[in-house]
Asks: 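Mind having a look at this structure? Questions to follow.
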Amino acid sequence: MSARAAAPLSRRALVASTLAMSLSLAGAARADEPLRFGMAMPLSGGQATYGQDQVKAAEWAVAEINAKGGVAGRKLEMIVLDTRADPQAGIQAANRLVSVDKVPAFVSAWSAVVKAIAPVANDTRTVQLSVGANSAEIARLGDYTYTTFPLAAVDITAVANYAAKEMGKKRAAVLYINNETGTVAAQIYRDVFSKAGGQVVAYEAYDPRASDWTGPLLKVRAAKPDIVHIQGLVADTPQVIAQMRQLGLTMPVSSYSAVYNPKLIEQLGKASEGVIATSLAPGAADDPAVAAYLARWKKEIGREPNGLPYTQYLYDAPYLVAAVYRGLIEKKLPLTGESFRKEMLAIRTFDLPLTGKLTINDDHTVNKTVYLMEVKNGAWVKKAMVE
């Protein structure tokens, strides 16, 4: 072969070599890119006190994951957007996470927001992880919405049965907020309490925008219940209890995990005595990791987190996301929402730092031990544990 004939081949070889190097560099760049996921939480508005603490917990988890080498050598990155606990703001946040940030999965909470976002998740094949909402409808929102937090059927069933069977209560009143958080859970309490041999003597809804609950509370008082179950939000429930006590309703009050936080005791003082709430995560006395977590809050923030069990689930959420990403990378699968969903279901059971073993069921639900907590002498104490 002549030197003249060899020259074009050399140029072709150079082009091929350059192209291969470019592809290699591009691959290396992609391997260095952070692994993103979204976090849509209320950072402003009436629920911000709780949303901000939940985001803080998740931020700590992301930092700790990255400090230990990240996920297969890549950083985990959380993109946080504000929902104001408002469905329309939630939709806007989800659309941005999907279309601009192009995350394969995002975390959300508050039942009305999760429900509103679900069509976005389904249409774009992006996984929505509901971490804290409790409406039973969340399990039926489509292929791309899953909960890592037990829905109302778990803890409301436990507290209703406990009232009827262990506390011996015969007449219950149910007062609930008229939205996705309240309506389904209230029905569960009514049905379970009735099946356990009790009678629901008052069943009253109130407007989510209400600031006065005299009307429904007077109906509750007229019904003469021996226990009142309130299914509201973290912001309004203490106010409902305060007004209830002002109207002379002194019987025990039960509620769900939104009520289990130090703010309730701070706001109500002696009026909080005897309030029973559910918790769906172990406490400091149950797990040294939770004790250390609480100690960190007190040291760095100067207080306990608002909505302790919720912040535990939010702390654990990045660990679940990291486990799924790790599986995708090891299997060399595309980092898409569709792949994320399939890998999450292939793993199915996760061992998480602050809430323990979590198994995602076929019906999009999870089961957990229910801790019944009661205010005694100005502090939350464990009353019972229901497996």
Side-chain angles (χ1 to χ4, degrees), residues 34-43 47 50-68 70-71 75-83 85 90 93-94 97 101 103-111 113-114 117-118 121 126-134 138 144-151 257 279-282 287 289-290 293 296-297 305-328 335 337 340-341 343-345 347-361 364-366 368:
L35 300 167
R36 293 180 163 187
F37 72 100
M39 175 71 65
M41 286 285 169
L43 303 178
Q47 308 299 313
Y50 305 93
Q52 289 168 3
D53 280 10
Q54 291 174 21
V55 170
K56 172 68 70 177
E59 288 173 343
W60 284 353
V62 170
E64 286 165 13
I65 290 167
N66 288 334
K68 294 176 182 177
V71 182
K75 294 288 186 182
L76 190 64
E77 181 181 338
M78 182 173 73
I79 301 166
V80 183
L81 295 180
D82 185 11
T83 68
L97 288 169
D101 300 306
V103 298
F106 59 85
V107 173
S108 65
W110 274 258
S111 296
V113 174
V114 174
I117 289 175
T126 305
V127 174
Q128 174 179 209
L129 294 172
S130 170
V131 186
N134 77 325
I138 289 167
Y144 282 83
T145 292
Y146 288 83
T147 183
T148 68
F149 187 86
L151 302 181
S257 50
S279 174
L280 290 157
D287 188 338
V290 178
Y293 170 74
R296 181 178 181 182
W297 269 94
N306 294 308
L308 171 62
Y310 292 95
T311 67
Q312 291 171 243
Y313 278 88
L314 264 295
Y315 179 92
D316 283 353
Y319 281 91
L320 186 151
V321 171
V324 176
Y325 261 133
R326 188 173 293 108
L328 292 175
L335 307 183
F340 190 100
R341 173 181 175 271
E343 181 62 16
M344 181 178 71
L345 295 179
I347 298 171
R348 195 168 289 273
T349 296
F350 301 83
D351 191 11
L352 301 172
L354 295 185
T355 60
K357 184 178 178 182
L358 177 83
T359 299
I360 298 174
N361 300 323
H364 294 219
T365 66
V366 296
K368 284 284 189 177

Asks: Tyr319: which residues meet the ring pair (Phe, Tyr, Trp, His ring centres under 6.0 Å) condition with it, sequence neighbours left out?
Replies: Tyr315
Asks: For Asp287 and Ala289, indicate whether the former's side chain and the latter's backbone hold a donor-acceptor pair under 3.5 Å.
Replies: yes
Asks: Just wondering, do Tyr325 and Pro104 contact through their side chains at under 4.5 Å, heavy atoms?
Replies: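 They are in contact (side-chain heavy atoms under 4.5 Å apart), so the answer is yes.
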Asks: What residue among Val103, Leu129, Leu314, Leu81 forms side-chain contact (heavy atoms from CB on, under 4.5 Å) with Met39?
Replies: Leu314
Asks: Can you tell me how far CG of Leu345 sits from CD of Glu343, rounded to the nearest 0.5 angstrom?
Replies: 9.5 Å
Asks: Heavy-atom distance under 4.5 Å between the side chains of Phe37 and Val62, does that happen here?
Replies: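 They are in side-chain contact.
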Asks: If we only count heavy atoms from C-beta on, is the Asp53 to Pro305 side-chain gap below 4.5 Å?
Replies: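 Side-chain contact under 4.5 Å: yes.
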Asks: Could I get the full list of side-chain contact (heavy atoms from CB on, under 4.5 Å) partners for Ala133, not counting sequence neighbours?
Replies: Ser111, Val114, Ser130, Ile138
Asks: Quick one about Thr148 and Tyr313 (side-chain donor to acceptor, distance below 3.5 Å, no hydrogens or angles considered), yes or no?
Replies: no
Asks: Out of curiosity, Leu43 CG to Thr83 OG1, how far, rounded to the nearest 0.5 Å?
Replies: 7.5 Å
Asks: Hey, is the main chain of Tyr293 close enough, under 3.5 Å, to the side chain of Gln312 for a donor-acceptor pair?
Replies: no
Asks: Got Leu320 and Met344 here, is their nearest side-chain heavy-atom distance under 4.5 Å?
Replies: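 In contact.
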Asks: Name each donor-acceptor pair under 3.5 Å that joins a side chain in residues 353-360 to protein atoms two or more places apart or in another chain, with its distance.
Replies:
unit_1	atom_1	unit_2	atom_2	d
Thr355	OG1	Asp316	OD2	2.6
Thr359	OG1	Thr349	OG1	3.0

Asks: From Glu77 CD over to Leu35 CG, what is the distance, rounded to the nearest 0.5 angstrom?
Replies: 9.5 Å
Asks: Do you know the tightest heavy-atom contact between Leu280 and Ser257?
Replies: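 Smallest interatomic distance, heavy atoms only, reads CD1-OG, 4.4 Å.
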Asks: Of all residues at least two apart in sequence or in a different chain, which pass the side-chain contact (heavy atoms from CB on, under 4.5 Å) check with Lys56?
Replies: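 Lys56 satisfies side-chain contact (heavy atoms from CB on, under 4.5 Å) with Glu59, Trp60, Trp297, Ile301 once adjacent residues are dropped.
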Asks: Please enumerate all residues that pass ring pair (Phe, Tyr, Trp, His ring centres under 6.0 Å) together with Tyr50, with sequence neighbours excluded.
Replies: none
Asks: Less than 4.5 Å apart, side chain to side chain, heavy atoms only: is that true for Val131 and Gln54?
Replies: no
Asks: Just to verify, what does Thr126 make a side-chain contact (heavy atoms from CB on, under 4.5 Å) with, not counting sequence neighbours?
Replies: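 For Thr126 the side-chain contact (heavy atoms from CB on, under 4.5 Å) partners, ignoring immediate neighbours, are Val98, Phe106, Thr124.
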Asks: Working to the nearest 0.5 Å, report the span between CG of Asn306 and CD of Gln52.
Replies: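 If we round to the nearest 0.5 Å, Asn306:CG and Gln52:CD are 9.5 Å apart.
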Asks: Can you find a pair of side-chain heavy atoms, one from Val107 and one from Met41, that are under 4.5 Å apart?
Replies: yes
Asks: Please report the shortest heavy-atom distance between Gln128 and Ala121, naming the atom on each side.
Replies: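 Smallest interatomic distance, heavy atoms only, reads CB-CB, 4.0 Å.
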